[in-house]
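Written out below as structure tokens is the structure these notes cover.
These numbers come from the heavy atoms of this one structure, side chains and all, not from hydrogens, waters or symmetry mates. Only a predicted model underlies this, so the values are computations on that prediction, with no experimental measurement involved.
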Amino acid sequence: MNKKLPVNGGGGGGAGLPALSTRNALWLGWKLLILLSIALCVLAFLRLQTFSRQFQYSSSSSPSTLIRSRFVDSFDFQGNAKVAFLFLARKDLPLDFLWGSFFENADVANFSIYIHSEPGFVFHESTTKSAFFYNRQLKNSIKVAWGESSMIQAERLLLGTALEDPANQRFVLLSDSCVPLYNFSYIYSYLMASPRSFVDSFLDKKEGRYNPKMSPVIPQSKWRKGSQWIALVRRHAELIVDDKTIFPVFGKFCKRRPPVDASKGKLNLKLQKQHNCIPDEHYVQTLLAMNAVEDELERRAVTYTLWNQSTTKTEKGWHPVTFSYADARPEQIKRIKEINHVYYDTEFRTEWCKNNSTLVPCFLFARKFSRGAAMRLLSERVVGEFDVSSLLDLPP
């Protein structure tokens with residue numbers, strides 16, 4: 001006899017739907033729960049993989065495993081190595097006459113020039129006195145604001161363009177107020193003799209610029225500070241250009257606090273509670289620390305800056321001194337060139353200036369120099385022979 005499934009009881013006519021047994025209902029529920037759990041696990045795994053690729057360094061990865069394949073490595077290059085001079089300028093180069101004299105005494109096969117300037121500004125015979133700068137501006141320059149991440153993006157653009165030439169093996173970042181303290185031959189030999197980058201880098205314990213929101217991508221133990229005026233070997237320049245992890249974090253969490261504005265009244269109290277961070281004083285140093293290459297650095301700058309603490313009605317801070325004609329006297333330049341060590345008080349560290357274990361002068365360049373001070377350097381023949389007639393028709 002065929003068995004029939006029970007039908008729903010209750011009043012009313014019409015055929016009833018077959019009812020599930022309690023056992024079957026529980027089994028179906030378990031199957032749905034298992035499928036849902038598997039789907040959630042797969043989704044979580046995919047999101048974790050995406051996060052890991054974008055925001056974390058693998059603890060087992062060495063710097064050599066990072067993205068560097070599109071450039072020729074220093075050890076693979078055969079030929080005449082060049083120093084790339086990277087100028088970060090507001091618009092024109094006010095000291096182009098001095099640098100023109102500097103490059104005049106060099107072999108053109110030993111250097112290259114790149115300028116990040118105001119977008120649209122072109123260096124030609126009406127905007128610069130020196131032909132060495134003709135058309136040397138980047139075609140992809142951006143608008144730069146001091147204290148913003150646009151400053152470090154401009155540095156990355158300069159390095160990226162210079163890396164396209166495999167002959168460029170050293171990279172020196174310079175401002176539009178920098179001057180050389182020696183002739184080209186000395187500076188070229190100094191930089192090429194060292195297998196290390198020169199990067200002013202130290203622990204930032206005093207100013208509290210580290211933003212806890214940077215963690216875990218940038219742990220506080222890797223947070224560094226230093227001068228943005230650096231001299232790099234090719235491998236470290238590649239690390240900066242290839243960076244896809246640290247730069248976005250800086251753009252989001254390392255921002256300059258707005259200056260005090262008397263016209264805003266009580267609003268200043270709110271503004272001054274914002275976290276304060278200057279990207280160009282931390283980015284390169286922190287990035288290299290994150291890549292575990294600090295033992296490949298001379299942790300000092302090769303560009304001299306004289307700092308002065310100044311106070312206004314609205315703020316107090318350290319600012320670089322601008323050298324005038326009177327300040328550029330031979331005795332002062334001689335004192336700068338005789339400096340052979342730098343002391344870092346946050347680490348109680350004295351950095352003796354060495355090149356291949358040999359004591360050398362610390363500084364190859366200096367800033368900030370006025371045009372008058374630069375003219376005096378030329379008259380003293382610091383960088384080479386000087387023709388005073390070359391200054392009679394400077395561009396405005």
Side-chain angles (χ1 to χ4, degrees), residues 40 43-63 65-67 142-157 159-160 173 199-228 230 236 239-261 264 266-294 297 299 314-318 344-347:
L40 290 174
L43 180 61
F45 177 78
L46 292 175
R47 294 192 67 179
L48 182 62
Q49 288 293 98
T50 302
F51 179 83
S52 178
R53 285 195 299 269
Q54 292 180 346
F55 297 105
Q56 288 186 322
Y57 281 96
S58 170
S59 60
S60 61
S61 296
S62 67
T65 63
L66 300 178
I67 305 171
I142 60 173
K143 193 72 175 177
V144 173
W146 182 81
E148 302 293 337
S149 59
S150 57
M151 179 73 79
I152 54 178
Q153 177 60 6
E155 296 175 14
R156 284 157 51 91
L157 290 171
L159 288 168
L173 185 65
V199 179
D200 182 49
S201 179
F202 54 91
L203 298 176
D204 181 24
K205 294 182 177 179
K206 292 184 175 180
E207 299 187 41
R209 289 183 179 177
Y210 176 77
N211 190 335
K213 293 179 181 179
M214 294 178 175
S215 179
V217 184
I218 304 174
Q220 189 168 7
S221 62
K222 299 295 184 181
W223 184 248
R224 301 289 187 270
K225 184 182 179 183
S227 169
Q228 75 179 112
I230 53 180
H236 298 152
L239 288 176
I240 294 169
V241 173
D242 286 335
D243 170 41
K244 302 291 189 299
T245 304
I246 305 303
F247 181 72
V249 176
F250 265 74
K252 190 173 182 179
F253 297 119
C254 183
K255 298 180 180 181
R256 181 193 178 213
R257 180 190 299 142
V260 176
D261 186 345
K264 294 182 178 180
K266 293 183 178 180
L267 180 59
N268 281 309
L269 296 176
K270 181 179 180 180
L271 293 174
Q272 292 309 301
K273 291 180 180 179
Q274 295 182 21
H275 191 268
N276 188 45
C277 183
I278 309 299
D280 57 81
E281 295 182 359
H282 299 275
Y283 173 66
V284 170
Q285 290 80 2
T286 299
L287 174 64
L288 296 178
M290 289 288 295
N291 279 274
V293 296
E294 288 186 296
L297 309 177
R299 292 177 60 198
T314 57
E315 61 180 333
K316 177 180 179 181
W318 290 91
Y344 294 91
D345 58 358
T346 63
E347 300 176 357

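- Distance check, rounded to the nearest 0.5 Å: CD1 of Ile246 to SG of Cys254 gives 12.0 Å.
- Counting only heavy atoms from C-beta outward, the side chains of Phe247 and Leu287 never approach each other to under 4.5 Å.
- Taking both residues in full, the closest heavy atoms of Arg156 and Val241 are given as O-CG2, 3.9 Å, listed atom of the first, atom of the second, then distance.
- Between His282 and Tyr210 the shortest side-chain heavy-atom distance does not fall below 4.5 Å.
- Considering only heavy atoms from C-beta on, Asp200 stays 4.5 Å or farther from Arg299 through its side chain.
- Taking CG of Asp280 as the start and CD1 of Ile230 as the end, the distance is 10.5 Å to the nearest 0.5 Å.
- Put simply, the side chain of Asn291 never gets that close to the backbone of Val293: no donor and acceptor are under 3.5 Å apart.
- The CD atom of Glu347 sits 7.0 Å away from the OG atom of Ser201 when rounded to the nearest 0.5 Å.
- Residue Val144 comes nearest to Ser150 through the heavy atom pair CA-OG, 3.6 Å, listed as atom of the first residue, atom of the second, then distance.
- Taken to the nearest 0.5 Å, the CZ atom of Arg209 stands 4.5 Å off from the CD atom of Glu281.
- A distance of 10.5 Å separates CD in Gln220 from CE in Met214, rounded to the nearest 0.5 Å.
- The two residues Arg256 and Gly147 come nearest to each other via the heavy atoms CB-O, 3.3 Å.
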Evaluate the criterion side chain to side chain contact (heavy atoms under 4.5 Å, CB included) for residue pair Asp243 and Tyr283; output intermediate values, then yes/no. CA-CA 11 Å; Asp243 170 41; Tyr283 173 66; 2.6 Å; yes
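- Residues Phe250 and Ser149 are not in side-chain contact: their nearest non-hydrogen atoms beyond the backbone lie 4.5 Å or more apart.
- Atom-to-atom distance recorded for Phe202:CZ and Lys225:NZ is 5.0 Å, nearest 0.5 angstrom.
- Considering Asn211, Asp204, Thr286 in turn, Asp204 is the only one that fulfils the side-chain hydrogen bond (donor to acceptor under 3.5 Å, both in side chains) rule with Trp223.
- Pro219 and Met290 make their closest contact through CD-SD, 3.7 Å (heavy atoms, listed as atom of the first residue, atom of the second, distance).
- Put simply, the side chain of Val284 reaches to within 4.5 Å of the side chain of Glu155, judged on heavy atoms.
- No side-chain donor-acceptor contact under 3.5 Å links Glu294 to the backbone of Gln285.
- His236 has its side chain within reach of Leu297: a pair of non-hydrogen atoms, C-beta onward, lies under 4.5 Å apart.
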